[in-house]
Amino acid sequence: MRQGTGLRRRGCGERLRCGRHLSYLRESGVADADISQRYPCWPMSYDHRTIEAKWQQRWATERTFSVSVDESRPKFYNVSMYPYPSGELHMGHLRNYTYVDLLTRYRTMQGYNVLSPMGWDSFGLPAENLAIETGIHPRVSTESQIEAMKGQLRSLGAVYDWDRELASHQPEYYRWDQWLFLKLYERGLAYKEKAPVNWCPNDQTVLANEQVVDGHCERCGAQVERRELSQWFFRITEYADRLLDDLDRLDEWPDRVRTMQRNWIGRSEGASFTMQVADTDLAFEVFTTRPDTIFGMTFAVLAPEHPLVEEMVAGTEVEEEVMGYRRRAASMSEMDRVAEGEKSGVFTGRYAFNPVNERKVPIYIADYVLMGYGTGAIMAVPGEDQRDWDFAEKYGVDIIRTVQPPEDFEGKAYTGEGVAINSDFLDGMDRETAIDTMASWLEERKVGGPTLNYRLRDWLISRQRYWGCPIPMIECGECGLVPVPEEELPVELPDIDDFRPEGQAPLAAVESFVNTTCPRCGGPALRETDTMDTFVDSSWYYLRYTDPNNADAIFDRDKADYWMPIDQYIGGVEHAVLHLLYARFVTKVLHDMGLVSVEEPFARLFTQGMLVKDGAKMSKSRGNVVAPDPYYERFGADAVRLFELFMGPPTDDAIWSDHGVEGTSRFLDRLWDAVTGEIGEIHPGSPTDPDRDLRAETHRTIQKVTTDIDRFAFNTAVPALMTLTNLLVDRLREGLSREVFDEVVGILLHLLSPMAPHVAHELWEMTGHGTMLATEPWPAWDADLAKRDVVTMIIQVNGKVRDKVQVDADISSDDAETIARERDRIRDWVDGGEVRKVIVREPNLVNFVVS
RNA sequence: GCCCGGAUGGCGGAAUGGCAGACGCUGAGGUCUUAAAAACCUCUGUCCCAAGGGACGUGUGGGUUCGAAUCCCACUCCGGGCACCA
């Protein structure tokens, strides 16, 4: 019992011991000494446990947020990125889910048919690694973690259409991964190839280029090795141009993400041409973005792995040296190669002809040329390329400038603009003209021509792991690679006991899985034992949500067309390239197959900031996670939600603070007390002037909260409600008319409903309303009411504020100036000087410029 | 190296050309209480002043403007992305 103001608090009042809280801590096994000491008891005005359970139950049983196609209402498809079921949500995750839930509720109240589904990216390494450690089957651990996470989401008050729940590891889902694979294969977009790949020795699997960060495995941090393996790829490069060009259409994506994708695709325009190797019938192709500098070529360089190298040096006296260099380069990671700093290379003893002037130039191999980009061979023009300059300087090769540098240029290679010199028919041309002229020259003589090149590589999808979707292919000694017939899908993942990968997929050891018959000739054959990259699973799930239980097709086109594209997609910026690029690619392929109308899946993307604690991103690996459960218990989900919204701009990183939750909890208490009549007085009389001011402020608040939510400024929408509540409390203390009280409280609860839904719903019911607040219409503001009659006009002298005065909002310019001039304080400042200019911005400001 | 973003009280932040510091937290004092907790009230950027008030103040230096946290130029620091990509 609380004393002093007569308000009842449900706290226990004991500072050091609160039986209910301590027993909760014991029962739940929450080892959070810090918060148990800080909040032995947190008295609150309302019983959050009861009302949260009540409303969560009602939203679920009344299926308030389960939706279906409804052409009569505008749709709003609201999705947060497919989460991996780690089983442990922390406050950083909740930030994301709070935003998503707020939008679901807000748009629902605005009359939209809102689809907000949830599902699980449930294949992947953590469960498999846990299985290796503990022997627990990944399915068992994954499914229990899914249940745990669902519980945490429910406790937050997050509402989803659970009828559409998906999980990648279920055969009903991954069957369509396999179907998708077969369709890509049919269209020539899936292929198997022996290629040097990134091998993670820790995870015992290959990685896509995108999953290698600074030469290390993105997941586990182990140094990645290069291996030559036969692997499955998706031909995403075929879509490089469309993926790049369509970025321009995604104008509701953050520029940052679009830039990152542009850089990742890395299109460069240039020319390629063939160079003949002297004294042999060998030839190789080079790519350059600077065909205008071709007369400056003084040598050529092949990547050490270039397929021609072996033939070029076979039987020559440099063979041993060249092949030795090649082996050393191969054994080094790209990271180390770069880290070496100084250029290195070996002369092959061979020369090639420059096609424009038939000049013979020496051919080197050097590891600064990468096999994976362009043609793996370059023309070296040290005059205009710093890398080539460095190499030429070290190995004593000629340097010819073919672009005139400015007179004061003091650097080495000149890469800027200038006219061509020492370049025969290009001399005097500017860069652009010279590039075009040379490209056509090459084309006319059939030695080359304009070429586009991409940094983007094909998507390597094979993984030598167990807990993933099996690749539905069969290798037959007679027929070669044969796809599994569609009607035999899914190829189910067999149950196994030993999950240890030993250089090959664990499935390879499962004879009953591997041995099969060829669907074409009926002879004995072997199944593919690699599984797919989990990014395949997450590249189309949002389409499946639109028709999640379809047993005959991946999804129904009409349903997908109704819901797609996603109107709001929310997730972390860490997926800016990987997931978002793959999903865009797969959507385009499905579009090309005639399965869906949209070409871009995500109309509007929002990337939220990280949550920081102790100076680092909140993450399990850093050991600084704040689990939500003890906070739900003490403050309730609504206070947690409000603080998640309040803590800062959603795009920015934010810092977790226990005290912040105390603040939002106090706010809800104050609101509760005000609405339930615990504070002040409500009288039946007609509204007074201050009552009408409160009403006006309420309508201004509708406007502010509405526009703030629309611009994702949740951190200012919450304070708007706090301010209004504070004003309401002030009015109540002096006595407020019933009429105004009812209107203000009604509006306040509507505005609060998407942010703190349990308290809002309970209070809505307690104030005598039988309707479900969640489906009440969002309030509209009355512009006349919201308009201010009187405003504060500031009066400046030489730009400094010297006085303020209340004036009518529709004051004329002349009146404003007259009033300002007549103020005593202004006279004091103006007297003795000459007023040279008066700036009037009625009704807000008058500024006297005095000398 | 290149590209992008950021820097505002003791803290999170607000203000997008017009009252800098909304709102919240923290801290100090007070009311109530035997006492504490909770709640409530007052104060809480720095400096000067008995007071009324004044000066300074949004990373640093310059500029534009009647007026700049906000626009422009240069710099410093922090964060992110890309990087022998021909």
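Throughout, protein chains are lettered first and strands after them, A, B, ... in sequence-line order, and every chain is numbered starting at 1.
- Spacing between atom CH2 of W389(A) and atom C1' of C84(B) amounts to 17 Å, rounded to whole angstrom units.
- To the nearest angstrom, P of A86(B) lies 7 Å from CZ of R387(A).
- Nearer the 5' end of RNA chain B, as judged by each residue's closest nucleotide, is the contact made by M647(A), out of M647(A) and K704(A).
- Here the separation of U58(B) from U8(B), taken at their C1' atoms, is 4 Å to the nearest Å.
- Comparing the P positions of A14(B) and U64(B) gives an interatomic distance of 31 Å, to the nearest angstrom.
- At most 12 non-hydrogen atoms from other residues, nucleotides or ligands lie less than 6.0 angstrom from CG of D824(A).
- If you check C75(B) for Watson-Crick or wobble pairing at under 3.5 angstrom, you find it paired to G59(B).
- With distances taken from any side-chain atom of K800(A) to the nucleotides A86(B), C56(B), C84(B), the minimum falls on C56(B).
- Comparing the C1' positions of A20(B) and A68(B) gives a spacing of 11 Å, expressed to the nearest Å.
- The aromatic rings of H575(A) and H579(A) lie perpendicular to each other, with more than 60° between the two planes, well past the 30° mark.
- Cation-pi contact between K343(A) and F391(A): absent, since separation from the ring centre below 6.0 Å together with deviation from the ring axis within 45° is not met.
- Base orientation for G9(B): syn, the chi torsion being within 90° of 0.
- Nucleotides C47(B) and A36(B) are separated by 39 Å at their C1' atoms, to the nearest Å.
- Applying the Watson-Crick and G-U wobble criteria (two distances, each under 3.5 Å), C82(B) pairs with G1(B).
- Mapped onto RNA chain B by nearest heavy atom, A303(A) and D730(A) fall at different nucleotides, with D730(A) at the one closer to the 5' end.
- Crowding of Q386(A) atom CD: a count of heavy atoms from other residues, nucleotides or ligands under 6.0 Å exceeding 12.
- Under the Watson-Crick or G-U wobble criterion, with both distances below 3.5 Å, U70(B) has no partner in any strand shown.
- Separating the P atom of G18(B) from that of G67(B) is a span of 15 Å, rounded to the nearest Å.
- The distance from atom CG of D652(A) to atom P of U8(B) is 12 Å, rounded to the nearest whole Å.
- Closest contact between the side chain of K343(A) and the listed nucleotides C82(B), C84(B), A86(B) involves C84(B).
- Across every strand in view, G52(B) sits unpaired, with no contact that passes the Watson-Crick or G-U test at under 3.5 angstrom.
- Distance R256(A) CZ to G80(B) P: 11 Å, rounded to the nearest Å.
- Between Y364(A) and F299(A), the angle of the ring planes goes over 60°, which puts this pair in the perpendicular group of the 30/60° scheme.
- Here R802(A) does not reach the OP1 or OP2 of G53(B): none of its side-chain N or O atoms lies under 4.0 Å away.
- In this structure, R258(A) reaches neither bases nor backbone, as no heavy-atom distance under 4.0 Å exists between it and the strands shown.
- Between D255(A) and R258(A), at least one side-chain nitrogen of the basic residue sits less than 4.0 Å from a carboxylate oxygen of the acidic one, meeting the salt-bridge criterion.
- To the nearest whole angstrom, the two C1' atoms, one in G59(B) and one in A7(B), are 6 Å apart.
- Remark: the separation of the P atoms in A15(B) and C19(B) is 13 Å, to the nearest Å.
- For C43(B) and C23(B), the P atoms lie 12 Å apart once the distance is rounded to whole Å.
- Heavy atoms of R733(A) sit under 4.0 angstrom from primed sugar atoms or phosphate atoms, though from no base atom.
- Using a 4.0 Å heavy-atom cutoff across all strands shown, R711(A) reaches sugar-phosphate atoms only and no base atom.
- Look at CG on L452(A): it is 14 Å from C1' on C85(B), rounded to the nearest Å.
- The CG-C1' distance, from D390(A) to A86(B), rounds to 14 Å in whole Å.
- Of the nucleotides present, none pairs with U16(B) by Watson-Crick or G-U wobble criteria with both distances under 3.5 Å.
- Spacing between atom CD1 of I679(A) and atom P of C40(B) amounts to 7 Å, rounded to whole angstrom units.
- Nucleotide A38(B) has no partner under the Watson-Crick or G-U criteria, as no pair reaches both atom distances under 3.5 Å.
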Sugar-phosphate atoms are those with a prime plus P, OP1 and OP2; base atoms are the rest. Using that split, label each nucleotide of nucleotides 18-31 of chain B B, S or - for protein heavy atoms under 4.0 Å, 5' to 3'.
BBS-BBSSS-----

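- Taking atom CD1 on I795(A) and atom P on G67(B), their separation rounds to 19 Å, with Å as the unit.
- Looking only at atom types and distance, the side chain of S268(A) has a donor-acceptor partner in the side chain of Y373(A) under 3.5 Å away.
- For the pair K412(A) and E393(A), the salt-bridge criterion is met [side-chain N within less than 4.0 Å of a carboxylate O].
- For W656(A) and Y631(A), the ring centers are positioned less than 6.0 Å apart.
- Separation of the F848(A) and W829(A) ring centroids does not fall under the 6.0 Å cut-off.
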